[in-house]
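Read the structure below first, then the notes.
Computed over heavy atoms, backbone and side chain alike; hydrogens, waters and symmetry mates excluded. A note on names: the letters A, B, ... follow the listed sequences, proteins ahead of strands, and every chain is numbered from 1.
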There are 2 protein chains.
Amino acid sequence: MQPTLNQKFKINYQYPVVFSRYIFELPNQILKNTLMQLAPSAAKVLVFLDHNVDRAHPHLRNKMQAYFEIHCPHIQLITQTITGGEPIKNERKHLFHLLSKIDQQHLDRHSLIFAIGGGAVLDAVGFAAAIAHRGIPIVRFPTTVLSQNDSGVGVKNSFNDFGKKNFLGTFAPPLAVINDSTFLETLDERDWRSGISEAVKVALIKDAAFYEALVHNAEAINNRNLDAMEEIIHRCADLHVAHIGLGGDPFEKGSSRPLDFGHWAAHKIEHLSNYQIRHGEAVATGIAIDCIYAHKIGKLSGEFLQAVLNLLKNYGFQLFHPELLPHKEEWKLWEGLEEFREHLGGELTILLIKGPGKPEEVHDIQKEVLLAAIKYLQAWEGEKPETKMLINNHAS
Amino acid sequence: MQPTLNQKFKINYQYPVVFSRYIFELPNQILKNTLMQLAPSAAKVLVFLDHNVDRAHPHLRNKMQAYFEIHCPHIQLITQTITGGEPIKNERKHLFHLLSKIDQQHLDRHSLIFAIGGGAVLDAVGFAAAIAHRGIPIVRFPTTVLSQNDSGVGVKNSFNDFGKKNFLGTFAPPLAVINDSTFLETLDERDWRSGISEAVKVALIKDAAFYEALVHNAEAINNRNLDAMEEIIHRCADLHVAHIGLGGDPFEKGSSRPLDFGHWAAHKIEHLSNYQIRHGEAVATGIAIDCIYAHKIGKLSGEFLQAVLNLLKNYGFQLFHPELLPHKEEWKLWEGLEEFREHLGGELTILLIKGPGKPEEVHDIQKEVLLAAIKYLQAWEGEKPETKMLINNHAS
Ligand SMILES: NC(=O)c1ccc[n+]([C@@H]2O[C@H](COP(=O)([O-])OP(=O)(O)OC[C@H]3O[C@@H](n4cnc5c(N)ncnc54)[C@H](O)[C@@H]3O)[C@@H](O)[C@H]2O)c1
Ligand SMILES: NC(=O)c1ccc[n+]([C@@H]2O[C@H](COP(=O)([O-])OP(=O)(O)OC[C@H]3O[C@@H](n4cnc5c(N)ncnc54)[C@H](O)[C@@H]3O)[C@@H](O)[C@H]2O)c1
Ligand SMILES: [Zn+2]
Ligand SMILES: [Zn+2]
């Protein structure tokens with residue numbers, strides 16, 4: 001028999017996450033310099049633009065065009081407005097629409113794709129870019145708090161299929177990420193707030209000082225102070241970037257995913273609400289549930305639990321939703337636990353916390369304790385009338 | 001402004017390419033050992049089986065079942081027969097069929113996918129596996145000469161879309177590759193032969209001694225000597241594996257692709273024949289064209305050119321096809337050059353040879369010289385009647 005051949009190589013990945021304001025204003029040379037450095041021979045840029053960003057920033061397209069004419073005259077710029085929000089991730093026709101534009105514009109692997117939009121647009125465009133010609137380089141311009149501090153700075157893309165959130169996707173680090181905070185000014189109140197839960201999440205598992213900062217900044221954030229938001233976003237993005245780069249498992253081969261604290265419930269809640277509840281909003285609820293659970297099994301003090309619930313409440317999150325409870329014989333949330341295990345693969349691994357910056361993994365969730373936790377949350381929030389309204393409003 | 005964050009990490013990739021016979025016979029413990037080592041916790045294997053392999057090896061499924069019951073009783077084995085050959089890469093419904101099976105069987109990232117079949121099946125299943133749950137580990141069992149010596153041992157998968165060969169795909173190294181030469185015994189004459197052109201290709205660009213071996217082995221191969229074929233496959237696979245691992249660009253970021261010698265024309269020929277001409281057959285023609293071209297621009301001696309053409313002929317390849325010539329105003333082959341540039345991205349880069357193991361890149365192809373080369377090939381092969389027949393036969 002012929003001897004076994006052993007293939008072995010490594011790939012280096014590297015990308016900057018840049019912070020700026022007014023990125024397409026002519027005096028701002030950051031984008032120009034980034035492209036000159038990272039893609040000096042790019043001749044074509046296809047911009048996929050979230051239509052809600054387009055609507056909220058009506059001069060953006062002209063500004064981009066002018067910027068490229070002055071700073072990058074060797075690059076042909078083509079802009080394509082696309083559906084914004086979760087719908088773009090939900091239907092195959094949207095995916096093939098993105099791919100057909102890539103085809104029609106004859107992009108090659110030395111062209112560039114820009115994705116400008118919320119986390120949903122970045123996920124869908126990122127997926128299309130990753131599979132066309134085995135990967136066209138992409139520059140992400142996240143335009144929501146959540147995408148600037150979390151989803152847009154990482155290495156994943158995704159697309160929903162077979163009724164499952166993020167069933168499709170790849171690991172595909174971008175060429176660069178450009179966080180322009182001035183996009184955030186046009187966010188509605190929900191999207192301004194919802195990404196904060198990811199900051200609470202990462203502070204709770206990694207950084208007690210950041211947790212304190214979040215406690216003190218709630219008022220400034222509620223007053224839409226952009227400087228305060230920039231600080232939170234930078235710190236949160238930094239913790240995410242560091243975790244991915246230094247955590248030892250950037251492409252998530254293992255079953256442990258510390259950054260998914262609060263997420264097992266969050267995924268199910270998003271689904272149950274038919275994606276009317278935002279990812280960030282669902283994460284706030286997920287954090288609340290897991291903290292109550294950790295308290296009930298004796299890992300987290302009652303005092304700190306109250307502090308966390310109050311913090312989330314101060315940032316304006318609605319924590320309890322009736323869908324969390326069992327209905328007749330069925331308890332959808334409980335089923336979400338197995339779905340989460342399947343999504344990660346391997347053994348169930350849930351991260352809980354014992355205090356700020358003190359994570360601990362468990363491999364088993366007790367059904368009765370979980371149910372008690374949900375009821376605790378319901379009582380805590382006093383079943384305010386808004387609870388139901390929030391869901392109904394947005395389901396219409 | 002907040003300072004730029006710099007993400008930076010590396011990923012190590014590693015996989016064995018194992019050579020054996022009768023891999024699913026009980027005494028053969030190679031597969032069992034490979035799985036124990038590389039996927040000790042896998043609980044489920046979904047096998048996608050090329051239906052032509054299934055037909056040609058009617059006992060295979062029972063043998064696999066028995067093998068797993070004895071050697072890997074902790075693994076649940078599910079087998080799904082799928083379309084074989086290029087059709088599986090050509091229609092989205094096939095892709096979504098593969099994905100739906102992955103969904104229905106609740107595979108997670110700790111499950112395994114086996115792909116058993118020719119290069120087309122490996123490409124399509126590899127693509128589906130790479131994008132489901134952001135990558136389910138795959139073990140490839142190539143069953144054709146071409147896939148055992150080239151496509152199946154590499155890091156790419158692909159899927160045809162928008163009328164373009166391999167428009168979709170990713171770089172996704174497998175968990176392992178298992179080359180069982182006994183599959184090759186049931187190949188028809190065309191598929192037995194066609195993969196040899198990849199061996200000729202890699203010998204011409206990298207290994208003069210291997211080129212000599214190919215000259216001497218033609219008769220044994222034509223007599224379907226399996227030992228001789230195993231040797232050629234091993235050497236060819238070795239050169240491909242080494243090139244990918246040591247060539248400095250495993251995921252093909254640059255525009256230079258030495259392993260694509262003879263391939264610019266090959267891609268177009270496959271397309272023009274509506275994929276009735278096999279990839280390997282088209283590569284033989286592509287090699288012939290590029291060698292004649294290299295001769296005409298003074299890089300390759302007339303003597304060596306004759307030797308290469310005779311070698312390809314001795315392995316039974318039909319080299320000229322009428323579709324290579326311009327037709328009225330249109331010259332499709334010439335258009336293929338630009339398509340190839342686009343597929344690679346960046347500057348046109350074509351590899352030619354000056355002799356065995358002596359490659360040289362050029363960035364420009366002269367239209368008149370190329371036309372003269374095609375006419376030379378036509379004259380050389382004397383426009384035998386089989387030329388047309390081969391295409392018509394298989395187009396029917
Ligand atoms: N890839 C990852 O690692 C990762 C991680 C977490 C979340 N996600 C995904 O991110 C998505 C959620 O992202 P999101 O919270 O940004 O929501 P989103 O993308 O759905 O955006 C929310 C809404 O705001 C609009 N919008 C975006 N920017 C705007 C702006 N500047 N002004 C006005 N309107 C604007 C959008 O069109 C949309 O209607 C989910 O699909 C989630 O699965 C991905
Ligand atoms: N991913 C890569 O790096 C790469 C490289 C080169 C080629 N390819 C792709 O590989 C494909 C060609 O692969 P191929 O030449 O193996 O052809 P193929 O997969 O089309 O197989 C040829 C025919 O043989 C049948 N078959 C397969 N194994 C058999 C067996 N043992 N006995 C009987 N019949 C059998 C198949 O069903 C098919 O009908 C093309 O799509 C090409 O683009 C991929
Ligand atoms: Zn999240
Ligand atoms: Zn090839």
Side-chain angles (χ1 to χ4, degrees), chain A residues 1-21 41 99-100 103 106 108-111 127 130-135 153 156 158 161-162 164 167-171 173 230-231 233-234 237-238 241 244-246 250-253 255 341-346, chain B residues 1-21 41 99-100 103 106 108-111 127 130-135 153 156 158 161-162 164 167-171 173 230-231 233-234 237-238 241 244-246 250-253 255 341-346:
Chain A
M1 255 329 78
Q2 269 79 17
T4 294
L5 305 171
N6 285 297
Q7 180 58 288
K8 192 174 175 173
F9 58 86
K10 61 169 187 278
I11 304 278
N12 293 305
Y13 294 97
Q14 187 164 9
Y15 60 91
V17 181
V18 182
F19 296 81
S20 187
R21 289 185 179 184
S41 66
L99 291 168
S100 76
D103 173 50
H106 298 278
D108 62 38
R109 299 213 288 136
H110 293 250
S111 311
F127 182 55
I131 64 175
H133 294 301
R134 301 199 185 98
V153 305
K156 300 190 270 188
S158 44
D161 210 335
F162 300 99
K164 297 214 174 78
F167 180 78
L168 300 178
T170 70
F171 290 94
E230 281 177 342
E231 287 226 26
I233 286 174
H234 190 269
D238 195 1
V241 165
I244 293 168
L246 307 172
F251 287 178
E252 298 174 1
K253 299 284 172 204
S255 333
R341 189 204 59 73
E342 189 180 307
H343 179 70
L344 263 57
Chain B
M1 255 331 76
Q2 269 79 17
T4 295
L5 305 171
N6 285 298
Q7 180 58 288
K8 192 173 175 173
F9 58 87
K10 62 168 186 278
I11 303 279
N12 293 305
Y13 294 96
Q14 188 163 7
Y15 60 90
V17 181
V18 181
F19 296 80
S20 187
R21 288 185 181 187
S41 65
L99 290 168
S100 75
D103 172 50
H106 297 278
D108 63 38
R109 301 213 288 136
H110 293 251
S111 311
F127 181 55
I131 63 175
H133 292 302
R134 301 199 185 99
V153 304
K156 300 189 270 187
S158 43
D161 210 334
F162 300 99
K164 297 213 174 77
F167 180 78
L168 301 177
T170 70
F171 290 93
E230 281 177 341
E231 287 225 25
I233 286 175
H234 190 267
D238 195 1
V241 165
I244 294 168
L246 308 172
F251 287 178
E252 299 175 1
K253 299 285 173 204
S255 334
R341 188 203 62 72
E342 188 181 305
H343 179 71
L344 263 56

| note | When every non-hydrogen atom of B/Arg109 is compared with those of B/His133, the smallest separation belongs to CD-O, 2.6 Å

| said: Does A/Glu231, at its CD atom, have more than 12 non-hydrogen atoms belonging to other residues, nucleotides or ligands within less than 6.0 Å? | reply: no

| Side chains of B/Phe251 and B/Tyr13 in contact at under 4.5 Å (non-hydrogen atoms) | yes

| Over all atoms of both residues, closest heavy-atom pair of A/Lys10 and B/Lys10 | CD-CD, 3.1 Å

| message | Using a 4.5 angstrom heavy-atom cutoff, name the option from B/Glu252, B/Lys164, B/Arg21, B/Lys156 with the most pairs to chain A. | response | B/Lys156

| Non-hydrogen atoms of chain B under 4.5 Å away: do they reach the side chain of A/Leu246, the backbone, both or neither? | neither

| field | Residue part contacting chain B, namely of A/Ile233, when any heavy atom lies under 4.5 Å | value | neither

| Do B/Leu5 and A/Val153 come within less than 4.5 Å of each other through their side chains, counting heavy atoms only? | no

| field | Choice from B/Asn12, B/Thr4, B/Asp161 maximising heavy atom contacts with chain A below 4.5 Å | value | B/Thr4

| said: Out of A/Val241, A/Ile244, A/Asn6, A/Asp103, return the one with the most heavy atom pairs under 4.5 angstrom to chain B. | reply: A/Asp103

| request: Identify which part of B/Ala130 has an atom lying under 4.5 Å from any heavy atom of chain A, answering side chain, backbone, both or neither. | output: backbone

| For the student: nearest non-hydrogen atoms of B/Ser20 and A/Met1, plus distance | CA-SD, 3.2 Å

| remark: Counting heavy-atom pairs under 4.5 angstrom with chain A, the leader among B/Ser111, B/Ala237, B/Gly245, B/Gly135 is B/Gly245

| Which pair of non-hydrogen atoms, one from B/Phe9 and one from A/Pro250, has the smallest distance, and what is that distance? | CD1-CG, 3.5 Å

| A/His234, A/Glu230, A/Arg341: which one forms the most heavy-atom pairs within less than 4.5 Å of chain B? | A/His234

| Taking every non-hydrogen atom, the tightest pair across B/Leu99 and A/Phe167 | O-CZ, 3.9 Å

| said: Tell me which of these, A/Asp108, A/Asp238, A/Val18, has more heavy-atom pairs under 4.5 Å with chain B than the rest. | reply: A/Asp108

| What part of B/Ser41 gets closer than 4.5 Å to chain A, counting heavy atoms only: side chain, backbone, both or neither? | neither

| Region of A/Pro173 in contact with chain B, defined by heavy-atom distances below 4.5 Å | side chain

